[in-house]
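We count residues from 1, following the sequence as given. The structure presented is a predicted model; accordingly, all values stated were derived computationally and were not measured.
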Amino acid sequence: MELQNTVKEALNALYHHPDDGVRMQADRWLQDFQRTLDAWQVADNLLHDATSNLETLIFCSQTLRSKVQRDFEELPAEAFRPLRDSLNNLLRKFHKGPPKVRTQISIAVAALAVHVPAEDWGGGGIVKWLQDEMNLHPEYIPGFLELLTVLPEEVFNYKIAARPERRRQFDKELTSQMEVALNILTACLNINELKEQVLEAFASWLRLKHGIPGSVLASHPLVLTALSSLNSELLSEASVNVISELIHYTAAGSSGGVTVQMPLIQVLVPKVMNLKAQLRDSSKDEEDVKAIARLFSDMGDSYVELIATGSDESMLIVQALLEVASHPEYYIASMTFNFWHSLQVNLTKRDLHISFVNESSIEAERNRRLQVFVQLMSHLFPYFRIQYPQDYQDLSYEDLKEFKQTRYAVADVLIDAASVLGGDATLRILYMKLDEAAACCQNEKSEWRPAEAALFGIRAISSYVSAVEAEVMPKVMDRLLKLPQHPQLLQTVCLTIGAYSKWLDAAPGGPSILPSVLDVLMSGMGVSEDSAAAAAVAFRQICDDCRLKLCGCLDGLFHIYHRAVNGEGSFKVSAEDSLHLVEALSKVITELPPDHAKRALEALCLPVVTPLQEVVSQGPDTLNSKPARDLTVHIDRFGYIFRYVNHAEAVADAIQRLWPIFKAIFDLRAWDVRTMESLCRACKYAVRTSGRCMGFTIGAMLEEIQVLYQQHHQPCFLYLSSEVIKIFGSDPSCANYLKSLIEALFMHTTHLLTSIQEFTARPDIADDCFLLASRCIRYCPQLFIPSAVFPSLVDCSMIGITVQHREASNSILTFLSDIFDLANSTEVEQYLPIRNAVIIPRGPSITRILIASLTGALPSSRLELVRYTLLSLCRAYGPQSVEWAKESVSLIPLTAVTEFERSRFLKALSDAASGVNVNAVSALVEELSEVCRRNRTVMEIVQGSLRPLELNIAPVS
């Protein structure tokens, strides 16, 4: 009684106390209370207490529901019947409401049915028990109907802490009772005021998607009742839900699919088609139109393969879907978007599921189908949805974001249309719109929005337009080069130019157009930040695709580059967008002969190096005090230059000349994460492009990072080392250098990461360290595996496997799986004895940590990689690894994992160890994870028995 009063007081404080601190304290207390064993009895008592207010009833019903779902195993076996009876009494008590309370009680009873086998409910399980209760107490039917509605929904509710095997049994129990459930619902149809509730329950049972053939459903009273509602003035939401579920039901593989369900389809489709005229009825309520549109969209999505055959009947559905797509309300029209995509996939895919004898027959049928839809798809151009609204300048940030998302969604529809019609044909349709709009758009004060919308569509389909299209594209280019320079319009003009860069390269008149195109892009760089960003992207695309044509225009390109990079004149190109221009010039320089490329590269580097030289020349104090941004803006440009100028010797010469500046920054800014990341990234690309041309610079770079890592522990030094290992790992002449490097880096890292707390505090170091280790296994196993640091790194990985940081944990698991998978490579077989000498003494501990990770020490999102690593261990060490696993799972109490569940898991590992395909056993391995994560209590029991953080590291033998 005292606890009941405390709960009431806490609820009163939560909802009514003026102090936020008191409310938070009450909330925490109530949450903790819900996890206690006492919560069962207190919640039950308060629900039966006639003096409990609504807040108390809602809280206690939620508590009881969550306890049944998550903590049912807390109760002794004999508690089932008293609990069921109490919940049943509550269901009767609240049969008229409050609705929130009744729903929570219904879900609690349904969750109880998931936990408890059918035989414990009496013959026939919960559905038969419910039928008996309804017959005995017809006055409580509304409450029982809600239970019947939520029951099938609980099959898919993974909040319920049921074992996987029991969940499968429950699914089968409900499927076997489908006919009884529908008989109950049919009997309840006679009560007129319950008709909506009955239909909602029917829709819920249909979501199970198996159990009843279409020929039975076609004439079933529940189906006929739902269909009859379509003819009424006010569409019943429950009826629409039923018909929607029936449509999905007929297409579900588990129900037999379209062929088996054809009798039902032949009843449904005509009834829905009769609603088509109501789409255009202006007197119709918008919610009704939305419901009708939903049914047409459901038919399109479910029967798309039938529709794709192009029969006369299917064309009627497509015409109705076109009407939905043209509806002025976007949220209604967008219901069809998924259908248009699925339809084009069906029409254009090569592996058509049709029984034709040869390739030419298949191609002929494919072309026939395409031709059937060409005319209809040509009407699928909702221009008005991509046109800027009149008041676009007054739109809030969220409204503008929503408008842009709408444009992207409509662009996807245009792409689907282009896939069917062909890009060139789609371009002709869109150009007519552009031509019409451009005629009314002669100056900056003209109406620019229709022209911009047409251009947006033309840009969207650029990938589908032939690079040699000669009829419309010259007109498009001519038009867009003459459009007024309104900021939004100019932005889209620039993006469209960039999208058609391949056409500009292939077009016979391309070289004559390019100067005008570059002039437009320069204008874009000077009008607004958005148009400048678009122009920079387009400049990069044109220099990429037209690079050979632009090799003779370097002076003009450098003029644009200098203005953008140095911020000269009126250009509004941001530092981030200037990287597009750096990339653009780098790609053109790549096409020059080596001597010319060297000189051009020097010119490209000059405006980038000058500001860095000035800072370095001003002495250590100035360099140390500069904001990181003042340095990284220039260093990032070097990264792009080294990445995209594909001349190894020229880049090697450049990095050699720049090394004194880079070294000064390394020495004085090694404490600065942001600057070091930028500098290491630039060096990484220099190493990647120059390779073995780097000469002495690579040695100087390695010495620098080896010393600085031990002082400043910057993860990016490990990241740069990974690139060096990838390029030089197999080079015998670099062996001594690299061996010294990796031993120094790894030894220092293992001294840093000595506990899970250190891993948690330094996840980036852990991530980059084990990425580097995996690279060493792939590129220089001859240096890494025999080294003294290899066992220490394996020990270090065992400490950190369960770190919660995703990337760090993934890198450690990948490192271990790479070790276990060594046997898959014939080149490294000689190192297997060394590997085995390190892994076998640690095998039981590694296995136990991996099983702990599988069963809750790591989030379920890491499951795939944990499972792969464990199965790799089994493949590498065969029956021995299964024994290690057996030792580990034997530690878990039988209350958490039954003997049957253990044996299934060990059988899966044994199969993997004997060479069975990993995919075949993955589900059984993951099932143990589901069993052990089913609720917090079980997870704590499992982790408490495996204790992955308390394992002693095995000494090196």
Side-chain angles (χ1 to χ4, degrees), residues 229-237 239-241 243-244 247-248 268-304 307 313-344 373-392 395 399-418 420-421 426 429-430 433 449-450 453-454 456-457 460:
S229 160
L230 296 184
N231 303 321
S232 64
E233 276 299 308
L234 287 171
L235 264 181
S236 151
E237 185 182 347
S239 296
V240 170
N241 289 340
I243 295 161
S244 175
I247 291 167
H248 293 307
L268 293 174
V269 173
K271 290 286 188 181
V272 177
M273 289 305 299
N274 288 340
L275 301 172
K276 183 184 169 189
Q278 295 183 39
L279 288 169
R280 298 187 300 275
D281 187 346
S282 57
S283 66
K284 205 73 180 159
D285 180 79
E286 197 169 280
E287 284 302 307
D288 282 355
V289 175
K290 179 183 171 184
I292 294 166
R294 173 188 164 195
L295 294 178
F296 279 113
S297 300
D298 285 340
M299 284 203 308
D301 292 338
S302 299
Y303 307 142
V304 66
I307 291 169
E313 294 86 350
S314 67
M315 288 300 99
L316 295 173
I317 298 176
V318 177
Q319 285 165 353
L321 287 164
L322 276 171
E323 285 201 30
V324 176
S326 64
H327 193 277
E329 288 294 341
Y330 173 74
Y331 76 93
I332 290 177
S334 61
M335 290 179 182
T336 66
F337 287 4
N338 186 62
F339 165 74
W340 302 118
H341 179 69
S342 301
L343 179 63
Q344 75 82 3
F373 286 93
V374 161
Q375 186 61 39
L376 283 167
M377 293 290 269
S378 66
H379 296 297
L380 190 64
F381 290 87
Y383 304 100
F384 67 95
R385 297 194 203 284
I386 53 177
Q387 186 169 303
Y388 268 93
Q390 194 78 47
D391 61 344
Y392 77 97
L395 292 178
D399 287 343
L400 191 59
K401 183 179 173 184
E402 188 178 328
F403 168 66
K404 288 181 177 178
Q405 287 171 342
T406 298
R407 294 210 334 158
Y408 295 140
V410 173
D412 288 340
V413 176
L414 292 177
I415 289 168
D416 291 329
V420 176
L421 300 173
T426 309
I429 296 169
L430 290 169
K433 263 304 190 203
R449 295 177 307 123
F456 180 85

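- Residue pairs satisfying the side-chain hydrogen bond (donor to acceptor under 3.5 Å, both in side chains) criterion with at least one member in residues 408-417, sequence neighbours excluded, are listed as follows: His341-Asp416, Gln344-Asp416.
- The side-chain contact (heavy atoms from CB on, under 4.5 Å) test applied to Ser244 returns His248, Arg294, Leu295, Asp298, not counting sequence neighbours.
- The two residues Pro389 and Leu395 have their closest heavy-atom pair at CG-CD1, 3.7 Å.
- Atoms CG and CG, from Asn338 and Leu343 in turn, are 11.0 Å apart once rounded to the nearest 0.5 Å.
- Sorted by first and then second residue, the salt bridge (charged side-chain N to carboxylate O under 4.0 Å, His left out) pairs with a member in residues 374-387 form an empty list; sequence neighbours excluded.
- Checked by atom type and distance alone, the side chain of Ser302 never pairs as donor or acceptor with a backbone atom of Met299 at under 3.5 Å.
- Nearest heavy-atom pair across Gln278 and Val289 is O-CG2, 4.2 Å.
- Here CG of Asp288 is found 10.0 Å from CG of Asp281. Values are rounded to the nearest 0.5 Å.
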What's the verdict on side chain to side chain contact (heavy atoms under 4.5 Å, CB included) for Thr336 and Val413, showing C-alpha distance, side-chain angles and the deciding distance? CA-CA 10 Å; Thr336 66; Val413 176; over 6 Å; no

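- Minimum heavy-atom separation, Ala325 to Leu380: CB-CD1, 4.0 Å.
- Side-chain contact between Pro450 and Gln387 is present, with heavy atoms from C-beta onward closer than 4.5 Å.
- The aromatic rings of Phe403 and Tyr388 are tilted relative to each other, their planes meeting at an angle between 30° and 60°.
- Annotation for Phe373 and Ile307: closest pair CZ-O, 3.2 Å, computed over non-hydrogen atoms.
- Contact record, Ile332 with Ala293: CG2-CB, 3.7 Å, taken as the closest heavy-atom pair.
- Of the inter-residue distances, the one linking Glu237 atom CD with Lys290 atom NZ reads 9.0 Å to the nearest 0.5 angstrom.
- Distance check, rounded to the nearest 0.5 Å: OG of Ser314 to CG of Leu316 gives 8.0 Å.
- To the nearest 0.5 Å, atom CE of residue Met315 and atom CG of residue Leu321 are 10.5 Å apart.
- The side chain to side chain contact (heavy atoms under 4.5 Å, CB included) test with Trp340 singles out one residue from Val420, Val304, Val318, and that residue is Val318.
- Atom CD of Glu329 sits about 10.5 Å away from atom OG of Ser334, to the nearest 0.5 Å.
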Side chain to side chain contact (heavy atoms under 4.5 Å, CB included) between Met335 and Phe296, intermediate numbers included: CA-CA 9 Å; Met335 290 179 182; Phe296 279 113; over 6 Å; no

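- Within 6.0 Å of atom CD in Gln319, more than 12 heavy atoms from other residues, nucleotides or ligands are found, so the atom counts as buried in its surroundings.
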Could you go through the side chain to side chain contact (heavy atoms under 4.5 Å, CB included) check for Leu230 and Leu275 one step at a time? CA-CA 8 Å; Leu230 296 184; Leu275 301 172; 4.1 Å; yes

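- Here the closest heavy-atom approach between residue Leu279 and residue Ala320 is recorded as CD1-O, 4.0 Å.
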